[in-house]
Structure formats: structure tokens, C-alpha cells
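Sequential numbering from 1 along the given sequence is applied to the chain's residues.
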Amino acid sequence: MFLRNRLLQLTLIVLSVAIGMQAEDSGSCSNATLHGSYGLHATGTIIGVGDFAAVGRFTFDGKGKLTGQLFTRVAGNNMEPPTFTGTYSVSPDCIVTYYFGVGSHVSVIVDHG
């Protein structure tokens with residue numbers, strides 16, 4: 001269970017850094033600004049465990065709900081792909097806060113990704 005939580009936390013950090021979306025020209029954002037599916041790819045090493053690789057997809061509905069699925073491989077072993085749901089909110093200054101898994105996560109919507 002510890003490894004699964006650690007992988008989810010690592011993936012959420014990567015998602016927060018990697019996701020880039022087109023902001024509206026007016027500079028004002030809302031939940032509707034973030035809609036559609038976005039991919040994720042991450043690799044690295046988990047200290048004391050081994051190599052890590054993940055691919056996944058997050059889908060945002062434009063109304064504040066999200067779903068996702070993550071496929072991971074750790075130390076040569078495929079992990080059971082978790083499917084999860086959550087919520088998100090987008091502030092007028094284009095900051096996105098996600099709520100799923102463990103705690104909340106923050107990213108920003110930028111022009112030209």
C-alpha cells in the first residue's frame with residue numbers, strides 16, 4: 001500500500017508540472033477553460049525500490065469533475081492500474097487546484113502550453 005500511495009503522489013506531482021493548457025486571450029479562466037483529455041508520461045527511480053515508469057490520462061469535464069487512469073511499472077513489475085475520480089477548480093487567474101488521491105495539487109493554465 002505504501003508503494004501505491006508513493007507512486008500516486010509522484011504521479012500527481014508530475015501531472016501538476018507537466019500539464020499545460022491554452023488559456024483564453026482575456027486572461028480570465030474558469031472550470032470551463034479546462035476540459036478534455038490530457039496525457040501523462042513519467043520516468044524515474046524510487047529510492048530503495050527501483051526504476052519507475054508511468055503513462056496515464058486525465059479527463060476534465062469543464063464543470064469541475066475529473067477522472068483518470070494510470071499505468072505504472074516499478075522495478076520491472078506492472079502495477080494494477082488505478083482508476084480514480086476527483087474534482088478541480090480553476091480560479092480567474094488560471095490557477096488549477098485538483099482534489100483526488102491524497103490531498104490537493106496545484107498547477108497553472110498557460111498560453112501555448
Side-chain angles (χ1 to χ4, degrees):
M1 188 58 134
F2 170 77
L3 181 58
R4 184 175 179 162
N5 287 339
R6 183 80 168 145
L7 290 174
L8 184 56
Q9 289 173 345
L10 177 62
T11 301
L12 297 176
I13 291 168
V14 171
L15 172 67
S16 295
V17 172
I19 195 165
M21 285 78 42
Q22 178 89 16
E24 295 181 18
D25 290 337
S26 65
S28 180
C29 293
S30 69
N31 285 353
T33 307
L34 182 54
H35 64 280
S37 294
Y38 297 86
L40 157 68
H41 173 258
T43 60
T45 301
I46 299 173
I47 297 172
V49 177
D51 292 334
F52 162 82
V55 294
R57 181 175 67 183
F58 291 82
T59 302
F60 301 88
D61 71 355
K63 299 175 185 175
K65 293 188 179 181
L66 66 90
T67 59
Q69 187 164 23
L70 183 65
F71 298 89
T72 58
R73 185 173 180 93
V74 178
N77 299 304
N78 291 329
M79 306 297 287
E80 182 69 27
T83 300
F84 48 89
T85 61
T87 60
Y88 68 94
S89 61
V90 181
S91 69
D93 59 350
C94 304
I95 296 173
V96 182
T97 304
Y98 309 90
Y99 305 93
F100 61 97
V102 182
S104 63
H105 311 277
V106 178
S107 67
V108 62
I109 297 173
V110 296
D111 193 16
H112 304 294

Counterpart residues, side chain to side chain donor-acceptor pair (under 3.5 Å), relative to [X] (two or more places apart):
X	answer
Arg57	none
Asn77	none
Ser37	Thr59
Ser104	none

- Parallel, tilted or perpendicular: which fits the ring planes of Tyr98 and Phe100, with parallel below 30° and perpendicular above 60°? perpendicular

- Output all residues satisfying side chain to side chain contact (heavy atoms under 4.5 Å, CB included) with Thr43, sequence neighbours left out; order by chain, then residue number. His41, Ala53

- Could you tell me which residues satisfy side chain to side chain contact (heavy atoms under 4.5 Å, CB included) with Asp61, sequence neighbours excluded, listed by chain and number? Lys63, Lys65, Tyr88

- If you round to the nearest 0.5 Å, how far is CG of Asp51 from CD1 of Ile46? 9.5 Å

- Message: Within the 4.5 Å heavy-atom criterion, are Ile109 and Val96 side-chain neighbours or not?
- Response: yes

Looking only at heavy atoms, what is the nearest atom pair of [X] and [Y], with distance?
X	Y	value
Thr87	Leu66	O-CD2, 3.6 Å
Ser28	Cys94	C-SG, 4.5 Å
Gly50	Ala75	CA-CB, 4.3 Å

- Query: For Tyr99, what are the other residues in its hydrophobic cluster, where any two members join if their side-chain heavy atoms are less than 4.5 angstrom apart?
  - Reply: none

- Query: By the rule that ILVMFWY residues connect when side-chain heavy atoms come within less than 4.5 angstrom, directly or transitively, which residues belong alongside Phe71?
  - Reply: Val55

- Hey, mind stepping through Leu70 and Leu40 against side chain to side chain contact (heavy atoms under 4.5 Å, CB included) and telling me if it holds? CA-CA 9 Å; Leu70 183 65; Leu40 157 68; 4.0 Å; yes

